[in-house]
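Below is one structure, written out as structure tokens; the observations come after it.
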Amino acid sequence: MKAPPTVKEGPRVNAEIESARVQLIDQDGQNHGIIDTETAIAMAEENGLDLVEIAPNSSPPVAKILDYGKYKYQAQKKAAEARKKQKTIEVKEIKMRPNIDTHDYDVKLRSMRRFFEEGDKVKVTLRFRGRELAHQDLGMQLLHRVREEVDEVAKVEAEPRLEGRQMVMVLAPR
């Protein structure tokens with residue numbers, strides 16, 4: 001049984017180029033027009049370089065004479081740099097109770113502001129226990145107070161809603 005053909009990552013190089021003619025750009029960036037692929041490969045080998053297909057979907061394909069190893073290395077570095085600059089947004093959770101004390105509330109608010117500065121979303125969870133569930137209006141007032149106090153740095157992404165014994169609201173940085 002034969003193994004399936006391997007799928008090559010990246011552009012085609014030298015003999016892998018299937019087109020009979022290519023638009024050739026040399027190592028100095030000069031456009032040589034449309035040339036036979038064999039002639040272009042010979043020109044590349046004369047200079048000790050490779051013929052690399054840059055734009056395979058154009059007609060005819062665009063090929064450039066360059067050092068393929070160096071080209072691959074630079075593409076890899078560019079991809080790594082893009083990954084490094086990428087910021088993943090996390091959802092941080094702040095848990096409260098409806099009868100939270102003022103100092104505890106202020107500490108949690110400071111944490112929320114710090115999360116927003118770091119670019120993270122905040123999920124405010126208000127947990128009801130026992131008879132507190134009968135006073136959902138107090139919980140709603142607390143969440144509205146949180147919303148108003150962080151209004152200049154955050155916007156409401158999910159309005160407060162009751163999920164079982166807890167009320168949840170999601171805030172995102174502006």
Tell me whether Asp28 contacts the main-chain N or O of Gln30 through its side chain, where contact means a donor paired with an acceptor under 3.5 Å. no
Nearest-0.5 Å distance that lies between atom CZ in Arg161 and atom CE in Met169: 11.5 Å
Is a salt bridge present between Lys121 and Glu157, judged by a nitrogen-to-oxygen distance below 4.0 Å? yes
How far apart are the closest heavy atoms of Pro11 and Tyr71, and which atoms are they? CG-CE2, 3.6 Å
With hydrophobic residues grouped by side-chain heavy-atom distances under 4.5 Å, do Leu133 and Leu142 end up in a single group? yes
Heavy-atom closest pair, residues Leu171 and Ala154: CB-CB, 4.4 Å
Between Thr125 and Gln166: side-chain donor-acceptor atoms closer than 3.5 Å: no
Any chance you could measure Asn99, atom CG, to His135, atom NE2, to the nearest 0.5 Å? 10.5 Å
Before accepting this row, confirm whether a basic side-chain N of the pair Glu132/Arg97 lies closer than 4.0 Å to the acidic partner's carboxylate O. yes
Single-linkage hydrophobic cluster, 4.5 Å side-chain cutoff, Ile94 and Leu138 together: no
Considering non-hydrogen atoms only, spot the tightest contact between Thr37 and Ser19 and give its length. OG1-O, 2.5 Å
Val168 and Phe116: same hydrophobic cluster, using ILVMFWY side-chain contacts below 4.5 Å? no
Please output the side-chain donor-acceptor pairs of residues 103-110 that fall under 3.5 Å, not counting sequence neighbours, one pair per line with the distance.
residue	atom	partner	partner atom	Å
Tyr105	OH	Glu149	OE2	3.4
Lys108	NZ	Lys95	O	2.9

According to a 4.5 Å side-chain heavy-atom criterion applied to Ile, Leu, Val, Met, Phe, Trp and Tyr, with indirect links allowed, do Val153 and Val122 form part of one hydrophobic cluster? yes
Give a yes or no on whether a salt bridge exists between Arg174 and Asp151, defined as a side-chain N under 4.0 angstrom from a carboxylate O. yes
Walk me through it: do Glu152 and Arg113 pass the test side-chain contact (heavy atoms from CB on, under 4.5 Å)? CA-CA 10 Å; Glu152 67 277 352; Arg113 288 181 188 277; 2.9 Å; yes
When you measure from the side chain of Glu45 to the backbone N and O of Ala42, does any donor-acceptor pair fall under 3.5 Å? no
Between Asn31 (side chain only) and Gly33 (backbone N and O only), is there a donor and an acceptor less than 3.5 Å apart? yes
Identify whether Val170 and Leu126 are in the same connected component of the hydrophobic contact network (ILVMFWY, side-chain heavy atoms under 4.5 Å). no
Which is it for Met167 and Gln136 under the side-chain contact (heavy atoms from CB on, under 4.5 Å) test, yes or no, and what are the steps along the way? CA-CA 9 Å; Met167 205 172 271; Gln136 292 175 15; 4.2 Å; yes
How far apart are the closest heavy atoms of Gly139 and Phe128, and which atoms are they? CA-CZ, 4.0 Å
In this structure, are over 12 heavy atoms from other groups packed under 6.0 Å from Arg129 atom CZ? no
Report the distance from atom CG of Asn14 to atom CD of Glu38, rounding to the nearest 0.5 Å. 12.0 Å
Can a salt bridge be assigned to the pair Arg147 and Glu159 using a cut-off of 4.0 Å between side-chain N and carboxylate O? yes
Inter-residue atom distance Ile100.CD1 - Arg145.CZ, 0.5 Å rounding: 8.5 Å
Which pair of non-hydrogen atoms, one from Leu143 and one from Pro160, has the smallest distance, and what is that distance? CD1-CB, 3.7 Å
Which value, rounded to the nearest 0.5 Å, describes the distance between Asp50 atom CG and Lys64 atom NZ? 13.5 Å
Is the closest side-chain heavy-atom distance between Val124 and Met112 below 4.5 Å? yes
Whichever hydrophobic residues join Leu24 through chains of side-chain contacts under 4.5 Å: Ile17, Val22, Ile35, Ile41, Met43, Leu49, Leu51, Ile65
Please set out all donor-acceptor pairs under 3.5 angstrom arising from side-chain atoms of residues 54-61, sequence neighbours excluded.
residue	atom	partner	partner atom	Å
Ser58	OG	Ala55	O	3.1
Ser58	OG	Pro60	O	3.1

Criterion side-chain contact (heavy atoms from CB on, under 4.5 Å) on His32 and Ile25, from CA distance to verdict: CA-CA 6 Å; His32 287 269; Ile25 299 170; over 6 Å; no
Within a 6.0 Å radius of atom CD on Gln76, are there more than 12 heavy atoms belonging to other residues, nucleotides or ligands? no
Has the side chain of Asp120 got a donor or acceptor atom that lies under 3.5 Å from a matching backbone atom of Val91? no
